[in-house]
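What follows is a set of notes on a single structure, which appears directly below.
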Amino acid sequence: MNLDSLDIQILRALVEDGRKKWADLATDCGVSAPAIADRVRRLEKRGIIEGYTARLSPVALGYGLMALISVTLERPEHRATLLAFVQSHSAIQECHHVTGDGDYLLKVRCRSTADLEELISEELKGLPGISQTRTAIALSTVKETTALPLDTDHADS
């Protein structure tokens, strides 16, 4: 990965505030704005920074119900259909191919239990090759983040 301490400092600052101005970021990091801009562009080019986005409040937008759905496929040949459905459905925020019970774990946000029921019973179970689903509804969320641990102990000097 070869990140130095300046790269780590930049990444931490951008995770905290992705809209931070080059001049402010440069001041915080103790280098010039052109140097910061160059570093950020290199981090983007290397694929370390994948993009920038606004964090929206699901509750404020009416999507207060979060559920995790475990999906089991009958056979591997049904994978492509499920994955195409996952990519096209806006209520599905995350999809993970997992070990243990089930083949995929979906994180979904819905407005109501009726919307969740529609998603599971009509749409998801309507796909060919879905042998089982198991759903857990989140009662509350203690921590939810996209930030990764950035360990300066492993940075190049």
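Note that the structure is a prediction, hence the values are computed from the model and not measured.
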Check whether more than 12 heavy atoms from other residues, nucleotides or ligands sit under 6.0 Å from atom [atom1] of [X], and answer yes or no.
X    : atom1 : result
Q87  : CD    : no
Q132 : CD    : yes
D101 : CG    : no
R134 : CZ    : no

I want to check something: taking the side chain as every heavy atom from C-beta on, are [X] and [Y] in contact at a cut-off of under 4.5 Å?
X    : Y    : answer
L106 : E94  : no
C95  : L83  : yes
L116 : T135 : yes
L43  : L14  : no
V86  : Y104 : no
E122 : L124 : no
V108 : L65  : no
L150 : D7   : no

Quiz item: Is it true that E74 and R79 have a side-chain N and a carboxylate O under 4.0 angstrom from each other?
Solution: no

Exercise. Indicate yes or no: does R39 engage D4 in a salt bridge with an N to O separation below 4.0 Å.
Key: yes

Exercise. Answer with yes or no whether the hydrophobic clustering places I8 together with V40; edges join I, L, V, M, F, W, Y residues whose side-chain heavy atoms lie under 4.5 Å apart.
Key: yes

Can you measure from [atom1] ([X]) to [atom2] ([Y]) and round to the nearest 0.5 angstrom?
X   : Y    : atom1 : atom2 : answer
I10 : I49  : CD1   : CD1   : 7.5 Å
F85 : I130 : CZ    : CD1   : 8.5 Å
N2  : R46  : CG    : CZ    : 6.5 Å
I69 : L105 : CD1   : CG    : 9.0 Å
D38 : K45  : CG    : NZ    : 10.5 Å
I36 : L6   : CD1   : CG    : 5.0 Å

Quiz item: Between R111 and Y63, is NZ or CZ placed under 6.0 angstrom from the six-membered ring centre and within 45° of the ring axis?
Solution: yes

Compare every heavy atom of [Y] with every heavy atom of [X], then report the nearest pair and how far apart it is.
X    : Y    : value
E144 : R109 : OE1-NH2, 2.8 Å
G102 : S70  : CA-OG, 3.6 Å
L56  : P58  : O-CD, 3.1 Å
A33  : A26  : N-CB, 3.5 Å

Quiz item: salt bridge (Lys or Arg N to Asp or Glu O under 4.0 Å) between K125 and E118: does it pass, once the steps are laid out?
Solution: CA-CA 10 Å; K125 288 185 176 179; E118 170 78 18; over 6 Å; no

Tell me if a side-chain donor or acceptor on [X] pairs with a main-chain N or O of [Y] at a distance below 3.5 Å.
X    : Y    : answer
H96  : V98  : no
Q93  : M66  : no
T141 : K143 : no
T133 : V71  : no

Exercise. Give the C-alpha distance, both sets of side-chain angles, the deciding distance and a yes or no for salt bridge (Lys or Arg N to Asp or Glu O under 4.0 Å) between R75 and D103.
Key: CA-CA 10 Å; R75 292 184 305 280; D103 296 309; over 6 Å; no

